[in-house]
Amino acid sequence: MKIDHRIPIPFEPESFPTIGENSGGYETWNGDLLVVGCYEEDFECGDGDDEKVSIKSDLLKSMDSSYDNAVSQLVTKFGFKGSQGASQCCWLGKNAMSLCLVGLGSKECKDPGSVWKGLVKSIASAAKSQKAETVGVVLTVDQSIDSRAGEHVANGIVNGAYEATRFKSKSTKPSARKIDLFFSSGSMSESIAKGVALAKGSLFTRYLVEAPPNVCTPSYLASAASHIASLCPARMSLKVLEKEDCEELGMGLYLGVAEASKEAPKFIHLTYTPEGEVKRKIAIVGKGLTFDAGGYNLKAGAGSMIEMMKFDMGGSGATLGAARAIADLKPADVEIHFIIASCENMIDGRGLRPGDILVASNGKTVEVNNTDAEGRLTLADAILYAQKNCQAEYIVDIATLTGACMIALGGDIGGMYASTDSVAEQLKKASAETGEKVWQMPLEPGYLEQLKSPIADLKNTGGRMGGSITAALFLKEFVDTDKVKWSHLDIAGPVWNEKEGGATGFGAQLLTEWAINRSK
């Protein structure tokens with residue numbers, strides 16, 4: 001029995017954990033579990049053979065006094081000294097029913113992202129084992145050490161609570177529903193709100209990318225965009241172009257790919273308009289192949305990954321995830337266009353054949369020598385649309401484009417190509433701030449020779465060597481780089497966690513951070 005499409009399949013969780021900054025003291029807080037993040041500098045360790053550990057932090061000493069020496073007992077009994085990833089829990093039976101110490105490592109750590117990831121993993125584990133619904137988190141950090149601590153912790157808690165169970169007969173929900181954050185100095189309410197918004201965007205992406213292709217169709221993506229627009233109707237507007245509309249615009253590359261599918265193509269254009277003056281216009285273009293069979297160049301045999309081709313819309317998932325976050329964050333000054341040319345790449349007698357020549361919306365002709373290199377065809381017409389119809393000054397396209405990039409950079413890093421050093425640096429900065437890793441790749445001009453066709457303006461693929469580079473060079477042929485600062489992100493590797501068997505949400509937070517930085 002197939003999934004009944006009359007039953008609504010949600011685009012995001014029905015509810016999220018409530019996370020807020022508690023301005024009161026932990027001493028009077030009532031809840032199931034109190035988690036305390038501790039640095040190595042909060043403890044005194046003996047020299048030489050003396051491995052005795054004692055409390056140095058005034059906050060921990062005060063807490064120890066309030067909780068009948070529970071902190072010092074954990075420290076001395078287990079030698080707890082704040083090492084990153086270490087944790088120890090005990091039962092209190094007071095206003096806080098349980099206590100858990102979690103190590104954050106040294107305050108001098110150069111990778112704060114890993115610190116917060118470790119903390120939220122420990123919070124999730126402790127909350128699950130203690131069946132805690134209300135959790136308090138006390139951090140000894142102050143804003144001079146990490147002004148974004150609230151963002152990182154809130155982001156991690158919301159993301160970490162996610163479990164992929166909506167397609168199972170019995171779904172599960174995370175135990176922790178309310179989380180209070182206590183900081184030793186300075187308010188982090190804005191930082192927390194940003195972290196929650198980024199996490200919602202990432203979860204939106206994960207929901208879309210993990211959805212099977214009989215659920216996540218082009219029409220489903222259009223409905224997902226409509227859902228986002230409904231969350232922020234004053235700032236978000238949606239236009240969905242049907243096949244006939246795209247024919248009028250001459251989108252021959254996009255429609256050539258879509259021709260063999262029974263699923264109607266949907267060209268999605270979601271626009272965020274800020275309150276007040278628009279100082280800059282940018283566009284994010286996501287590849288939206290909701291299933292990629294490869295066409296007549298069928299994905300077949302071991303390693304073809306045809307069973308995983310539901311994630312070939314990972315770029316559009318990241319694009320809509322960024323839109324979901326932007327709907328909450330509402331940055332000033334910048335108008336943001338989210339564009340997706342969505343369709344399937346299937347096999348049919350009327351479909352695209354190897355050797356066919358297609359005409360792009362700007363009149364450029366392309367000889368299709370491989371129907372399984374379809375994503376770049378759909379992206380080309382979408383990028384042209386962004387330039388002509390949105391007057392975008394910056395365009396970033398994002399796609400699960402090539403297996404070559406997976407081979408080059410593995411499963412954790414996306415490939416990043418850029419027409420200018422400035423846009424490359426912008427994306428590197430956003431990558432560092434979000435922990436979604438990208439590596440700049442070369443736009444080697446000489447490799448463009450591989451895309452020359454004797455009978456058309458271009459071929460859609462070159463040789464096997466440097467396949468990710470030639471794919472990016474193909475896209476660059478459709479960008480007016482004299483007027484537009486452009487970047488291409490190839491996220492074929494990090495879109496999916498093979499070990500855990502799930503979508504990562506990669507790209508949503510990176511694109512959001514890049515977009516809001518354009519408003520500054």
Side-chain angles (χ1 to χ4, degrees), residues 5 11 208 213-230 236-273 283-293 295-296 312-313 315-317 319-320 323 337-353 356-368 371 373-392 395 397 399 456-458 460 475 478:
H5 287 275
F11 304 112
L208 292 176
N214 61 327
V215 169
C216 188
T217 62
S219 296
Y220 185 82
L221 283 183
S223 296
S226 178
H227 170 75
I228 294 169
S230 71
M236 289 279 193
S237 60
L238 174 65
K239 180 192 297 183
V240 178
L241 304 184
E242 303 297 340
K243 179 180 178 181
E244 296 76 17
D245 303 314
C246 296
E247 286 175 339
E248 289 183 12
L249 294 173
M251 295 184 181
L253 303 188
Y254 166 45
L255 294 177
V257 175
E259 192 64 31
S261 176
K262 289 183 179 180
E263 292 287 344
K266 301 289 180 180
F267 191 97
I268 301 161
H269 180 190
L270 181 63
T271 304
Y272 168 78
T273 305
I284 297 171
V285 179
K287 176 183 171 184
L289 270 291
T290 58
F291 186 74
D292 176 20
Y296 277 105
D312 212 21
M313 44 62 64
S316 61
T319 300
L320 290 177
H337 297 269
F338 304 91
I339 297 169
I340 299 163
S342 184
C343 63
E344 291 183 328
N345 185 26
M346 303 294 280
I347 299 175
D348 187 83
R350 64 187 177 183
L352 186 63
R353 294 155 295 204
D356 281 356
I357 293 179
L358 301 178
V359 184
S361 55
N362 68 344
K364 189 166 287 190
T365 59
V366 178
E367 178 190 2
V368 178
T371 62
E374 81 301 327
R376 65 200 70 183
L377 299 175
T378 66
L379 284 169
D381 272 334
I383 290 169
L384 289 169
Y385 177 93
Q387 293 168 94
K388 183 178 180 180
N389 296 77
C390 308
Q391 293 79 50
I395 296 176
D397 76 73
D457 295 327
L458 290 168
N460 71 324
L475 295 176
F478 296 88

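Below, all heavy atoms of this structure are taken into account, side chains as well, without hydrogens, waters or symmetry copies.
From Glu367, atom CD reaches atom CG of Asn460 across 8.5 Å, with rounding to the nearest 0.5 Å. To the nearest 0.5 Å, the span separating OH on Tyr220 from NE2 on His227 amounts to 9.5 Å.
In this structure, Tyr254 contributes its side chain and Ser342 its backbone to a donor-acceptor pair below 3.5 Å. Within the 3.5 Å criterion, the main-chain N or O of Tyr296 finds a donor-acceptor partner in the side chain of Thr371. Between the Asp348 side chain and the Ala260 main chain, no donor and acceptor come within less than 3.5 Å of each other. A donor-acceptor contact shorter than 3.5 Å links the side chain of Gln387 to the backbone of Phe478.
Ala224 approaches Leu320 most closely through the heavy-atom pair CB-CD1, 4.1 Å. Closest non-hydrogen pair, Gly256 versus Leu358, comes out as CA-CD1, 4.1 Å. Nearest approach of Met313 to Cys216, heavy atoms of both residues: CE-SG, 4.1 Å. Closest approach of Pro265 to Ala258, counting heavy atoms only: CB-CB, 3.9 Å. When all heavy atoms of Phe267 and Cys246 are compared, the pair lying nearest together is CB-SG, 3.7 Å. Taking every heavy atom of both residues into account, Thr378 and Cys343 meet most closely at CG2-SG, 4.1 Å.
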Asp312 vs Lys287, salt bridge (charged side-chain N to carboxylate O under 4.0 Å, His left out): CA-CA, chis, key distance, verdict: CA-CA 8 Å; Asp312 212 21; Lys287 176 183 171 184; 2.9 Å; yes

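Heavy-atom contacts from other residues, nucleotides or ligands closer than 6.0 Å to NZ of Lys243 number 12 or fewer.
Glu344 meets the salt bridge (Lys or Arg N to Asp or Glu O under 4.0 Å) test with no other residue; sequence neighbours excluded. Asp356 is linked by a side chain to side chain donor-acceptor pair (under 3.5 Å) to Arg353, counting only residues two or more places apart in sequence or in another chain. Considering only residues two or more places apart in sequence or on other chains, Asp292 meets the salt bridge (Lys or Arg N to Asp or Glu O under 4.0 Å) condition with Lys299. Partners of Asn362 under the side chain to side chain donor-acceptor pair (under 3.5 Å) rule, at least two apart in sequence or in another chain, do not exist in this structure. With sequence neighbours left out, the salt bridge (Lys or Arg N to Asp or Glu O under 4.0 Å) criterion links Glu242 to Lys266. For His337, the side chain to side chain donor-acceptor pair (under 3.5 Å) test picks out His269, Thr271, Glu335, with sequence neighbours left out.
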